[in-house]
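In what follows, chains carry the letters A, B, and so on, assigned in the order in which the sequence lines appear, proteins first and then strands, with residues in each chain numbered from 1. This one's a predicted model, so the numbers in the text were calculated from it and none came from an experiment.
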There are 2 protein chains.
Amino acid sequence: MVDRIRRIPEATVARLPVYLRSLAELVDEKIATVSSERLAEMAGVNAAKVRKDLSYLGSYGTRGVGYDVEYLLFQMSRELGLTHDWPVAIVGAGNLGQALANYGGFTQRGFPVAVLVDADASKVGQIIHGVRVHHIDELPELSATLGIGIGIIATPASAAQDVADRLVAAGVASILNFAPAVISVPDGTSLRKVDLALELQILSFYQEHRDLESDGAPPHQAPLAPG
Amino acid sequence: MVDRIRRIPEATVARLPVYLRSLAELVDEKIATVSSERLAEMAGVNAAKVRKDLSYLGSYGTRGVGYDVEYLLFQMSRELGLTHDWPVAIVGAGNLGQALANYGGFTQRGFPVAVLVDADASKVGQIIHGVRVHHIDELPELSATLGIGIGIIATPASAAQDVADRLVAAGVASILNFAPAVISVPDGTSLRKVDLALELQILSFYQEHRDLESDGAPPHQAPLAPG
DNA sequence: GGTTGTGAACAAATTCACAGCG
DNA sequence: CGCTGTGAATTTGTTCACAACC
């Protein structure tokens with residue numbers, strides 16, 4: 001495979017972290033090699049998809065043998081940009097923001113919560129789960145000083161667009177939005193959304209339509225969001 | 001359009017709640033009619049997609065005019081199964097579970113948190129944000145008594161599969177999994193996943209690859225997860 | 001023999017473009 | 001005339017099936 005213009009499909013990018021997690025488990029179990037079949041089982045997809053996905057990263061497998069777990073883990077980490085930490089800022093120190101600040105999974109996976117930010121002056125100065133709350137007006141300085149690469153919006157929907165604008169203005173180029181609102185960002189800014197109630201509404205649809213269908217509707221299997 | 005065998009594509013189902021939210025905003029603003037163009041703008045998609053999506057629900061628009069907001073809202077609610085409440089059980093009364101129990105957005109959108117469930121006996125009996133914690137062994141009775149339709153897994157990854165099995169055994173047919181683990185459920189059970197760290201890892205990829213591409217890579221625009 | 005890597009076939013989703021209708 | 005509804009075209013994603021290779 002020629003090494004040029006390897007644009008990785010969005011659907012594949014969305015699955016790479018799942019493979020990564022599976023590989024990390026294999027490392028823990030001291031397993032040195034893994035087949036696409038085994039990896040597929042762990043990731044909850046099929047083997048052809050695993051092979052196709054991994055092929056976008058390069059030819060890192062060995063025919064007749066499988067993939068070297070550690071080597072593949074390293075290559076994938078590199079491709080995902082996970083060889084260094086990405087400090088994040090959480091905007092909104094309410095219930096959700098506080099819970100996220102306390103969620104160990106972020107730091108553990110290389111996304112230390114460097115700062116909490118809120119518009120409410122009475123919250124500023126508090127230390128929540130070891131993270132200091134700053135006023136949102138300080139975002140530009142904080143962003144530069146702490147090297148914030150990712151902003152998490154955990155505010156009410158009504159504030160979300162304004163917060164997004166401020167994050168962008170502060171130089172934060174990646175945003176994860178938990179507010180139940182559609183927000184828009186300029187080209188060059190990455191945006192993903194997590195809408196909790198929306199997920200339940202989707203489940204509601206499939207529950208409501210369960211065995212209403214006469215003929216072999218597949219049970220609902222949510223794939224990972226592309227992107 | 002004949003009314004038979006209207007199977008709605010997964011990608012469409014995943015967008016319906018976004019349209020629903022937009023319609024609710026229009027109702028608040030006392031706006032009676034809306035064009036696909038306007039709705040598209042609010043939902044952050046394009047107009048052709050809105051029209052195609054809505055066409056799966058039926059022919060509810062009027063050519064030359066647009067869609068009646070209230071009528072469309074009603075039809076969509078009905079299709080999504082949101083004309084009645086869906087009580088949910090949250091499994092795992094740790095940080096995340098408690099935060100979710102306290103998240104007003106669920107109840108407000110028709111998903112009241114009826115019960116928190118945990119394996120830790122010392123947590124049982126506590127009232128967290130108005131919700132009583134029960135032992136996980138009580139799941140079958142709770143499920144039946146409270147009419148639980150949806151279970152939310154907010155446990156560590158290591159417990160997730162076991163919890164899923166217990167939910168299924170208790171008759172809960174829809175599961176939303178927050179644990180960073182792949183879980184499998186039998187046919188007939190709906191499953192969706194929200195993996196917080198995974199979203200950040202995807203953002204990391206696009207941040208790492210920003211303007212590495214020579215020629216017109218589109219900026220990352222995360223669509224909604226199909227399903 | 002066993003497993004990868006990948007073209008080719010297939011399926012799903014998106015977008016175009018315009019006929020149809022109010 | 002304006003906007004919906006939808007076939008057709010296009011793009012994106014998945015799966016198949018097998019040649020290539022260890």
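- Just one of B:T12, B:L16, B:L80 meets the side chain to side chain contact (heavy atoms under 4.5 Å, CB included) condition when paired with B:L57; it is B:L16.
- B:L72 has its CG atom 15 Å from the C1' atom of D:dC3, to the nearest Å.
- The 12-atom threshold is exceeded at CD of B:Q161, counting heavy atoms of other residues, nucleotides or ligands nearer than 6.0 Å.
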Protein-nucleic acid N or O pairs under 3.5 Å, nucleotides 19-22 of chain C:
residue	atom	partner	partner atom	Å
C:dG20	N3	B:R63	NH1	3.1

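- Atoms OH (A:Y60) and P (C:dG5) sit 11 Å apart, rounded to a whole Å.
- Atom CZ of residue B:R15 and atom OG of residue B:S22 lie 12.5 Å apart, to the nearest 0.5 angstrom.
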*Output, in order, the C-alpha distance, side-chain angles, deciding distance and verdict of side chain to side chain contact (heavy atoms under 4.5 Å, CB included) for A:R51 and A:Y67.*
CA-CA 10 Å; A:R51 291 200 298 278; A:Y67 301 88; 3.9 Å; yes
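- In this structure, A:E10 atom CD and D:dG13 atom P are separated by 6 Å, rounded to whole Å.
- Neither OP1 nor OP2 of D:dC22 sits under 4.0 Å from any side-chain N or O of A:Y67.
- In this structure, the side chain of A:E70 does not engage the main chain of A:A32 through any donor-acceptor pair within 3.5 Å.
- In this structure a side-chain-to-backbone donor-acceptor pair under 3.5 Å is present from B:N177 to B:A179.
- Distances from the side chain of B:S55 to the nucleotides D:dT4, C:dA13, D:dT6 place D:dT6 closest.
- A straight line from CD of B:Q75 to C1' of D:dT4 spans 17 Å, rounded to a whole angstrom.
- The separation between B:D68 atom CG and D:dT4 atom C1' is 15 Å, rounded to whole Å.
- Residue pairs that meet the ring pair (Phe, Tyr, Trp, His ring centres under 6.0 Å) test with at least one member in residues 178-205 of chain B, sequence neighbours left out, are B:F205-B:H209.
- Annotation: proximity of residues 37-54 of chain B to DNA chain D (heavy atom, distance under 4.0 Å) is found for B:R51, B:K52, numbered in ascending order.
- With A:T155 contributing its side chain and A:G92 its backbone, the two residues share no donor-acceptor pair below 3.5 Å.
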